[in-house]
Amino acid sequence: MNGLVQVNSLSKRYPAFCLENVSFSLREGAVTGLIGRNGAGKTTLLKSMLGFIQPDRGEVRFFGMDFEGNQQRIKQEIGYVAGSFGFYRGKRLSAITAVTAPFYDAWDDQVYRRCLKDFRLDERKTPAQLSEGMKVKYALTLALSHHARLLILDEPTSGLDPVSRDELLDVLAQLNREGTTILYSTHVTSDLDRCADDILYLRDGRLTAQGSLRGFVSAWRDVSMTEEEHQRADDSLLIGCRRHRDGWEALVRAEDAQRVPGSVAEADLESVMIHLERGCGE
Amino acid sequence: MIRLLLRKELHLALHPTAPLFLALSAMLLIPSYPYLVAFFYTGLAIFFTCLNGRENQDVAYTLLLPVSKEDVVRARFFMVILLETAQLLTALPFVILRQTVLTEPNPAGMDANLALIGLALMQMGLFNLTFFRIYYRNVIRVGAAFLWAGGAVFLFITAAEASTHILPFVRDVLDTPDPRHLTAKLAVLAAGAGAYILMTVQAMRRAVKDFRRQDL
C-alpha cells in the first residue's frame, strides 16, 4: 500500500466502542473525505493517527515514516484544523503565533501575513473575540504558514454559516490545486460533494468503504416510489427505505435500478450515507 | 524543542497568579505564622496553571506542535522547577531580613531560617510527587490531583510546624536563629534539596510514562 499516509490494521478498543482493523492510504494531492455518523469513530481514528490515543494495534506512516519515533519530523509537515479553535481563548493571536512559529523549520512569515490579510484576521484579537469562521481561518493560517503538505480537517465547517463555509471550501479547493493533500473529516457530506476526490466511510468503527468518491456514489441510485410501486417492489433490493409525504424513497444498487419500480435518479453522497445508515430493508 | 516548549509554558500556559504568588514570600515577615504555608502558594499556582490549561486545551495545542509527548511533560516540569526555585529565591531576602533586622522568634512554628528552606524544599518535592502522579494519569482530573497533593502538603506542614513545639531536637536546634546550630540546619537544607530532587525526578519519570500511555 503506497500513499502519503498509510494506516495499517489500526485498532482501539473501548468498553462501549471499538475501532476495528482500519487500513487505508491517502493519495498525495487528493482530498479524501472521512465520513460517518456521530460516534462512528472519525475522531478516534484521527486522534490515533496523531498520537493522542495509543492504539491497541496497527501502525501509522506519514511520508514514508513511522509516526512512532518520527512524530517531531512528521508534525512539521502536518496542519490540523478543527471546527473550533479553542486554544488559549484569552491570549492575543499575535502572542499565540509568536510562540507557535519558532517550532516550525519552514515557517513563512510572508505567507502568514498574506493569510491574515486575505482572511481579514486582526492579530490583536483573542480567540474568544473571533467568530467560529474566523477561528477556523486562524487555525488554517497557522497550518498554511508552515507549508503543511498534509492538512487534517476535523469538522471544520460545523460552526460556520453558509457564506463562511463556502469561502472555506474555496480556500481548500485552491490549496488542493496547489498540491496540498487534505484529509477532511465531516458529517456534512455536501462539503465533500464539492471538493473530495476520495472517500473513507466509517461505520461503527469499521471502514466500510474506501475509494474514489465518484465511484462510491455512482454505485448507487435513489428511487422514489408511490405507495402502489412500493408494494410491488422487491424489499430485498431496497436499502434504507423510508416513507415521506408523497410516497417512499430508498437506495438501490446501480445494477438493480432497472428491477425496481418508481423513478430512479443519480444518488449523492448524503443520500447514500443516510440510506446506508438507516439500513432498512437490508 | 524543550527551550521552545518552556517559552510556550511561560507565555501561554502559565497562570497570571503564578508570578504574583512569588510575592507571598513576604509572608515570612508576619510575626507569628506557620511559614511553610507561604511555600504552598507555588503549588496553588501550579494547580491554577493546569486548570487553566484544561480550559484552554493546552495539552491538545502542545501535542499538535512538532514535539514528542515526552517533551510536553518535561517542559511542564521545567516550568514547575523554575517557579519553585523562584519562590525560594524570593524567600531568601525575607529570611535574611528575619535573621538580621526583625529577629523576634516565630511563636507559631518554625523560624525563618535555613532549616525552613530545607523543609520547604521537601514540601515542594512532596507536592510534585503527589500532584503529577495523578495529573498525568488523566489531565482532566486536575481537581483530584490538587486535592491529594494539597492534603499531603497540609499533613506535612502540620507535622513540621507541630514538631517545633513537640520534638526537643526541632525546638532547641532547628527552630533557632541562624547561625546557631548551623551544621544541623545545613544538613536539613541538604536533605531538603536531596529530597526535592529525588521526588521531582521520580515524579517526572512516572509522569512521562503515564502520559505516553494516556488517551487524550
Side-chain angles (χ1 to χ4, degrees), chain A residues 12-14 17 19 43-44 46-56 62 67-82 84-107 126-128 135 139 142-143 146 148 152 154, chain B residues 1-20 45 48-76 78-79 82 136-140 142 206-216:
Chain A
K12 177 73 184 177
R13 185 172 290 276
Y14 291 108
F17 172 77
L19 189 70
T43 301
T44 304
L46 294 185
K47 282 185 165 184
S48 302
M49 289 171 66
L50 290 169
F52 280 63
I53 287 175
Q54 208 61 32
D56 298 330
F62 289 87
F67 185 76
E68 202 60 48
N70 295 294
Q71 54 176 301
Q72 283 170 264
R73 279 173 66 192
I74 287 168
K75 285 194 275 187
Q76 286 280 351
E77 306 203 56
I78 293 179
Y80 176 83
V81 179
S84 178
F85 187 92
F87 307 130
Y88 312 112
R89 283 170 292 194
K91 298 284 181 187
R92 289 184 175 194
L93 302 188
S94 55
I96 298 173
T97 305
V99 169
T100 307
F103 282 95
Y104 293 98
D105 301 336
W107 182 268
T126 65
K135 283 181 196 168
L142 292 181
H146 68 264
I152 297 179
D154 189 7
Chain B
M1 280 300 163
I2 287 285
R3 188 181 57 81
L4 292 176
L5 278 171
L6 192 55
R7 186 166 172 263
K8 184 234 90 184
E9 290 288 308
L10 296 174
H11 287 262
L12 296 181
L14 191 65
H15 194 268
T17 54
L20 296 178
F48 285 160
T49 298
C50 292
L51 195 64
N52 196 41
R54 186 182 71 183
E55 304 314 313
N56 285 297
Q57 299 178 28
D58 172 64
V59 170
Y61 164 84
T62 314
L63 279 180
L64 289 169
L65 294 170
V67 296
S68 67
K69 254 182 159 178
E70 292 78 6
D71 282 349
V72 174
V73 177
R74 287 188 194 113
R76 174 56 51 96
F78 291 151
M79 191 268 282
L82 203 65
Y136 276 112
R137 278 177 173 173
N138 184 349
V139 292
I140 302 298
V142 192
R206 278 182 164 187
V208 165
K209 210 179 279 180
D210 289 341
F211 191 59
R212 201 184 292 138
R213 283 198 298 252
Q214 190 182 150
D215 290 335
L216 296 155

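Every chain is numbered from 1, with letters handed out A, B, ... down the list of sequences.
A:Lys75 contributes a side-chain N or O that, together with a main-chain N or O of B:Leu65, makes up a donor-acceptor pair within less than 3.5 Å. Remark: side-chain polar atoms of B:Asp58 are not paired, donor with acceptor, to backbone N or O of A:Tyr88 under 3.5 angstrom.
Of the atoms belonging to A:Phe103, heavy atoms from both backbone and side chain fall under 4.5 Å from chain B. Residue contact with chain B, scored on non-hydrogen atoms closer than 4.5 Å, involves the side chain of A:Tyr14 exclusively. When heavy atoms are compared at a cutoff of 4.5 Å, A:Thr100 approaches chain B by way of both its backbone and its side chain. Of the two parts of B:Gln214, only the backbone, made up of N, CA, C and O, holds a non-hydrogen atom closer than 4.5 Å to a non-hydrogen atom of chain A.
With chain A as partner, the option from B:Leu5, B:Asn52, B:Leu64, B:Leu63 having the largest number of non-hydrogen pairs under 4.5 angstrom is B:Leu64.
Between B:His11 and A:Lys91, every side-chain heavy-atom pair lies at or beyond the 4.5 Å cut-off.
A 6.0 Å sphere centred on CZ of B:Arg54 holds more than 12 heavy atoms belonging to other residues, nucleotides or ligands. Residue-environment remark: CZ (B:Arg212) exceeds the threshold of 12 foreign heavy atoms within 6.0 Å.
Summarising the geometry of A:Lys12 relative to B:Asp215, their closest heavy-atom pair is NZ-OD2, 2.6 Å, with the distance given to 0.1 Å. Taking both residues in full, the closest heavy atoms of A:Gln72 and B:Pro66 are given as O-CB, 3.3 Å, listed atom of the first, atom of the second, then distance.
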